[in-house]
There are 2 protein chains.
Amino acid sequence: MNSSNRPFSQVHDILRKAGLRPTRQRLGLARLLFENDDRHVTAEQLHTEATGANLRVSLATIYNTLNQFTGAGLMREVVVEPGRSYFDTNTTDHHHFFHEDTGRLLDIPGDAISVSKVPEPPTGTHVERVDIIVRIRE
Amino acid sequence: MNSSNRPFSQVHDILRKAGLRPTRQRLGLARLLFENDDRHVTAEQLHTEATGANLRVSLATIYNTLNQFTGAGLMREVVVEPGRSYFDTNTTDHHHFFHEDTGRLLDIPGDAISVSKVPEPPTGTHVERVDIIVRIRE
DNA sequence: CAATAGATTAGAATGATTTTAAAGAAGAAA
DNA sequence: TTTCTTCTTTAAAATCATTCTAATCTATTG
Ligand SMILES: [Mn+2]
Ligand SMILES: [Mn+2]
Ligand SMILES: [Zn+2]
Ligand SMILES: [Zn+2]
């Protein structure tokens, strides 16, 4: 039996499959993150949003949850600025525009951009991932 | 008259051209940074290295200097990890291998890799720079 | 030499993130 | 359900990189 007729069944199942207990906080955050279009959030942003949606969660739990979701492959971390991390609900192969003035991240589909002639990595290493950040300004 | 017969004349001139007073600290750091091959350093690394070379400099001055050198176009900042900044003495157009296990950065010459079909940036914005990070592991 | 603008520094402050340890909630067993 | 156990949440403290403050130096110019 799955949970198709229980409330929030989609996110509930997502958490179950990730091996994470469906707690009130995780369910609420998962709804904010996964029931809408793909998004890029900082911990602070998500905390503000959760609070605004009447979900009581501490900032520590926001960090725990974002790191757990990332560890479970439900999200990924994008590093564009020193001192702040963005978390991305889009886990498909893609890249980013980073608006340096507003701090906004925008997806570039994986097939809309591509790297050619990636040189061989040093002996004994393998390529884990290629990140392309197109930095833009007004 | 230039300073071609004064000690450390090369870095001395670099600082002068950048409009930075050639102080003992800046001269010492410039020698470590520019008299060898291109390099990637964190503030803490450079501080340790300076101290080991008998150059007395505070960590605050290391940060000031790296930021001033970067502002003057003598270096650039590379963001690969949350919570730590790397500074690069190679200011030519190029990209990086980032070794996730060791924290080392390796240059990929600009002509050894290239992006194709970079999509148009959103209306009202222009591309400032494209950063490619090839993340590698053992 | 002054005089002055600019530079260095110790130490405090900041800001993002993590850790601690205590209290609370979820799953399993009975 | 009740009980037991394991996870989870949280407030508060701790950490870590970086920046700021404001007092003390130093390079440059007259
Ligand atoms: Mn992390
Ligand atoms: Mn900076
Ligand atoms: Zn994305
Ligand atoms: Zn480089």
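So you know, we letter chains A, B, ... as the sequences are listed, proteins then strands, and number each from 1. Hydrogens, waters and symmetry mates play no part in the numbers below; they use all other heavy atoms, side chains included.
Contact annotation: A:Y63 side-chain N/O to C:dT18 OP1/OP2 distance is not under 4.0 Å. For B:T61, no side-chain nitrogen or oxygen approaches OP1 or OP2 of C:dT8 to under 4.0 Å. Within the 4.0 Å cut-off from OP1 or OP2 of C:dT8, not a single side-chain nitrogen or oxygen of B:N64 is found.
The distance between atom CG of A:L15 and atom C1' of C:dG27, rounded to the nearest whole Å, is 15 Å. Separating the CG atom of B:L27 from the C1' atom of D:dA27 is a distance of 11 Å, rounded to the nearest angstrom. With rounding to whole Å, A:L59 atom CG is found 8 Å from C:dT17 atom P. As rounded to whole Å, 14 Å separates atom P of D:dA17 from atom CZ of B:F87. Protein atom CD of A:E44 is 14 Å distant from nucleotide atom C1' of C:dT14, rounded to whole Å. Between the CZ atom of A:R56 and the P atom of D:dT8 there is a distance of 19 Å, given to the nearest Å. Between A:L66 atom CG and D:dT9 atom C1' there is a gap of 15 Å when expressed in whole angstrom units. For the pair A:L29 CG and D:dT9 C1', the interatomic distance rounds to 12 Å; values are reported in whole Å.
Relative orientation of the A:Y86 and A:F98 rings is perpendicular, given thresholds of 30° and 60° on the angle between their planes.
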Kindly give the atom pairs (protein nitrogen or oxygen, nucleotide nitrogen or oxygen) under 3.5 Å for nucleotides 3-7 of chain C.
unit_1 : atom_1 : unit_2 : atom_2 : d
C:dG6  : O4'    : B:R21  : NH1    : 3.4
C:dG6  : O4'    : B:R21  : NH2    : 3.2
C:dA7  : OP1    : B:R26  : NH2    : 2.5

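Using a 4.0 Å heavy-atom cutoff across all strands shown, B:T42 reaches no nucleic acid atom at all.
When each of B:G83 and B:A60 is assigned the nucleotide of DNA chain D bearing its nearest heavy atom, the one mapping closer to the 5' terminus is B:G83.
Nearest heavy atoms, A:F34 versus A:L74: CE2-O, 3.7 Å.
In this structure, A:D107 CG and A:H94 NE2 are separated by 3.5 Å, a value rounded to the nearest 0.5 Å.
Environment of CG in B:N54: sparse, with no more than 12 heavy atoms of neighbouring residues, nucleotides or ligands closer than 6.0 Å.
B:E35 places a side-chain heavy atom less than 4.5 Å from the side chain of B:V11.
Of the N and O atoms on the side chains of B:N90 and B:H40, not one donor lies less than 3.5 Å from an acceptor on the other residue.
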Q) Going through the distances and angles, do B:S85 and B:E77 end up as a side chain to side chain donor-acceptor pair (under 3.5 Å)? A) CA-CA 7 Å; B:S85 273; B:E77 197 173 356; 2.7 Å; yes
